[in-house]
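Keep in mind that what you see is a predicted model, and the values were worked out from it rather than measured.
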Amino acid sequence: MSTNLPYKFFILIIMVSIPVVISCSGGTRKDHNALFFFGDSFFDPGNNNYINTTTLDQANFWPYGETYFNSPTGRFSDGRLISDFIAEHAQVALIPPYLQPIRNEQINYHGVNFASAGAGVLSQTFQGMVIDLRTQLRNYKKEVAQVSQKTARNAVYFFSIGTNDYISQFLLNSTVFASYPHSKYVDMVIGNLSIVVKEIFKKGGRKFVFLNLGELGCLPGLRILRPERDGGGCLEEASHFAELHNKKLENLVSKMEQNLDGFKYFLYDFKSNLAQRITQPFKYGFKEGKRACCGTGRFNGVFSCGGKRPVKDFELCRNPNEFIFWDSYHLTENAYKQMADEMWSIAAFKNLFLCY
């Protein structure tokens with residue numbers, strides 16, 4: 001017996017000396033990472049239901065929500081969004097809109113979603129009709145003042161923002177792009193995004209997830225801006241802005257990792273993953289990669305889904321799961337699920353959900 005003691009003692013020392021890294025999500029543990037979402041309609045679960053805006057920035061009417069919820073929730077899709085699927089993977093309830101009057105989180109706090117459909121990084125993007133990113137930040141500061149520092153530090157912060165800063169200029173026939181070189185305008189967007197992220201970092205945020213921008217010119221609502229004689233190709237100028245944005249975003253988060261102690265991030269390549277599905281829909285289980293399920297006109301690109309917007313006529317496909325695009329600018333639940341599943345399969349992403 002006595003000859004085994006040194007060996008057992010050695011094993012005990014080794015076990016005690018190894019840092020304990022526990023997942024905040026999954027298993028039998030009741031602790032979970034809080035999830036905070038910022039951005040636009042790719043994340044908005046219904047915040048715009050509670051603001052004074054128009055149906056151009058709302059989706060609280062049929063057929064939105066028909067696939068999963070069987071009723072509209074304010075999500076710009078037939079069902080769930082990437083943010084919803086991430087919450088499911090993390091084994092927490094769907095993260096509620098910040099403006100929802102009753103959130104049912106007295107027992108377990110899992111975070112809040114601040115995103116607003118139509119929002120941009122710049123406050124002048126669809127100004128007065130949406131909750132811009134600076135206002136989302138102010139809402140976050142009110143929220144985080146009510147949670148512990150540990151909750152804020154272990155939380156994962158998600159950003160999907162920027163699309164509207166660029167496509168709004170095409171949809172509104174704005175002269176802004178004539179006033180600024182393209183690169184300078186993108187610098188404004190990235191610079192303002194940087195300010196918001198650094199403010200969250202000051203409040204304790206350490207773990208961030210960013211989605212880069214898809215090829216904006218390939219959205220059905222922007223394809224139709226090209227003359228029909230061009231064969232229905234993507235609006236290249238809009239996609240060029242996304243390309244510039246993505247390069248500067250990658251550079252921004254890389255520098256933040258170098259300069260901000262404890263800053264960790266995951267940058268999801270939304271652009272490439274969406275492009276692959278548009279060009280090879282059958283490979284991913286889709287039948288249609290360019291035309292929207294719901295809308296009217298070429299590619300169903302006119303933003304009329306539901307008949308509550310200025311254009312009332314619309315078509316609705318029988319099976320949204322066969323389509324990548326739900327309406328003129330947004331994806332189907334099936335497309336969002338595939339992307340969320342892919343994110344969750346990547347170790348670098350899942351590592352953000354570890355608690356120390």
Side-chain angles (χ1 to χ4, degrees), residues 40-42 53-59 76-77 117-122 124-127 129-130 160-186 188-189 211-246 270-272 274-279 281 288-317 323-332 335:
D40 51 33
S41 51
F42 283 175
T53 188
T54 72
T55 53
L56 291 171
D57 293 306
Q58 289 180 323
F76 277 80
S77 184
V121 175
L122 304 178
Q124 56 263 45
T125 298
F126 297 130
Q127 191 167 20
M129 308 306 295
V130 300
S160 171
I161 193 80
T163 292
N164 293 299
D165 294 297
Y166 305 113
I167 70 170
S168 61
Q169 308 305 322
F170 295 95
L171 300 178
L172 301 176
N173 294 318
S174 172
T175 59
V176 168
F177 290 160
S179 305
Y180 294 95
H182 289 187
S183 183
K184 185 175 181 180
Y185 184 83
V186 175
M188 288 171 52
V189 173
L211 275 61
N212 68 10
L213 304 186
E215 293 189 34
L216 301 180
C218 298
L219 298 171
L222 291 189
R223 278 186 189 271
I224 63 174
L225 298 182
R226 288 194 62 167
E228 193 168 1
R229 64 178 180 271
D230 288 350
C234 301
L235 188 65
E236 294 175 2
E237 186 180 3
S239 294
H240 176 64
F241 275 101
E243 184 178 356
L244 286 175
H245 177 99
N246 290 344
F270 183 85
K271 175 194 173 184
S272 295
L274 179 57
Q276 290 167 11
R277 285 163 174 79
I278 291 174
T279 56
E288 177 57 61
K290 297 180 180 179
R291 187 165 61 93
C293 168
C294 189
T296 193
R298 286 190 300 139
F299 304 107
N300 277 346
V302 176
F303 194 42
S304 63
C305 184
K308 301 282 188 180
R309 301 184 177 114
V311 176
K312 306 302 179 186
D313 294 335
F314 72 97
E315 301 174 8
L316 180 64
C317 69
F323 286 69
I324 294 168
F325 291 101
W326 163 249
D327 66 15
S328 310
Y329 308 106
H330 308 100
L331 310 187
T332 58

Has the side chain of [X] got a donor or acceptor atom that lies under 3.5 Å from a matching backbone atom of [Y]?
X	Y	value
Thr53	Val130	no
Ser328	Gly221	no
Ser168	Thr125	no
Ser239	Gly217	yes
Asn246	Asn212	no
Arg291	Arg298	no
Glu288	Lys290	yes

* To do: For the pair Leu122 and Asn164, evaluate side chain to side chain contact (heavy atoms under 4.5 Å, CB included) and give the outcome as yes or no after the intermediate values.
  => CA-CA 9 Å; Leu122 304 178; Asn164 293 299; over 6 Å; no

Spatial distance of atom [atom1] ([X]) from atom [atom2] ([Y]) [nearest 0.5 Å]:
X	Y	atom1	atom2	result
Asp165	Gln124	CG	CD	8.0 Å
Thr54	Met129	OG1	CE	4.5 Å
Glu237	Phe177	CD	CZ	7.0 Å
Thr55	Phe303	OG1	CZ	8.5 Å
Arg277	Leu331	CZ	CG	9.5 Å
Cys293	Leu316	SG	CG	5.0 Å

Do [X] and [Y] touch side chain to side chain, with heavy atoms closer than 4.5 Å?
X	Y	result
Val186	Tyr166	yes
Ser41	Asp57	no
Gln169	Tyr185	yes

* To do: Please assess Thr163 against Leu216 for the test side chain to side chain contact (heavy atoms under 4.5 Å, CB included), listing each intermediate value before the final yes or no.
  => CA-CA 7 Å; Thr163 292; Leu216 301 180; 3.7 Å; yes

* Using 30° and 60° as the class limits, which term best fits the ring planes of His240 and His182: parallel, tilted or perpendicular? ->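 The arrangement is tilted - the two ring planes meet at 30° to 60°.
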
* Asked: Out of Phe76, Tyr329, Phe270, which residue meets the ring-ring contact (aromatic ring centres under 6.0 Å, His included) rule with Phe42?
  ->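 Single ring-ring contact (aromatic ring centres under 6.0 Å, His included) partner of Phe42 among Phe76, Tyr329, Phe270: Phe270.
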
* To do: Return the minimal non-hydrogen interatomic distance between Cys317 and Phe323, and the atom names on each side.
  =>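 So the minimum-distance heavy-atom pair works out to CB-CE1, 3.5 Å.
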
* NZ of Lys312: more than 12 outside heavy atoms within 6.0 angstrom? ->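 Result for NZ/Lys312: enclosed.
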
* To do: May I have the step-by-step check of side chain to side chain contact (heavy atoms under 4.5 Å, CB included) for Cys294 and Asn300, ending in yes or no?
  => CA-CA 6 Å; Cys294 189; Asn300 277 346; over 6 Å; no

* Does the pair Val302 and Phe314 meet the rule for a side chain to side chain contact (heavy atoms under 4.5 Å, CB included), with working shown? -> CA-CA 8 Å; Val302 176; Phe314 72 97; over 6 Å; no

